[in-house]
Amino acid sequence: MTRKPVGFDALARTMAPPLVEQELSTADEFEIPEPVRQHYAKWRCTPLYRARALEQALGTPARIYYKYEGVAPTGS
């Protein structure tokens, strides 16, 4: 155990390079590629809602979302 931060090469052994870049990035946001957005639009059966009150209560600049499962046919 080195107690040093994990680097790109170590992560790349188990993750795709674009995911490693995202993991190690300090960017605030990432663009979701259009093919992925199209897939989500087609197959995401439960909507995502933004938890603005929770964001304010936590005093965080992060955007927090939750899935409302009440509309799922399985009720899960």
Distance-only criterion, 3.5 Å: show the donor-acceptor pairs between side-chain atoms of residues 15-24 and protein atoms not counting sequence neighbours.
none

Partner set under side-chain contact (heavy atoms from CB on, under 4.5 Å) for Pro33, not counting sequence neighbours: Pro35, Val36

Side-chain donor-acceptor pairs of residues 51-59 under 3.5 Å, sequence neighbours excluded:
unit_1	atom_1	unit_2	atom_2	d
Glu55	OE1	Arg50	NE	3.3
Glu55	OE1	Arg50	NH2	3.1
Glu55	OE2	Arg50	NE	3.0
Glu55	OE2	Ile64	N	2.7

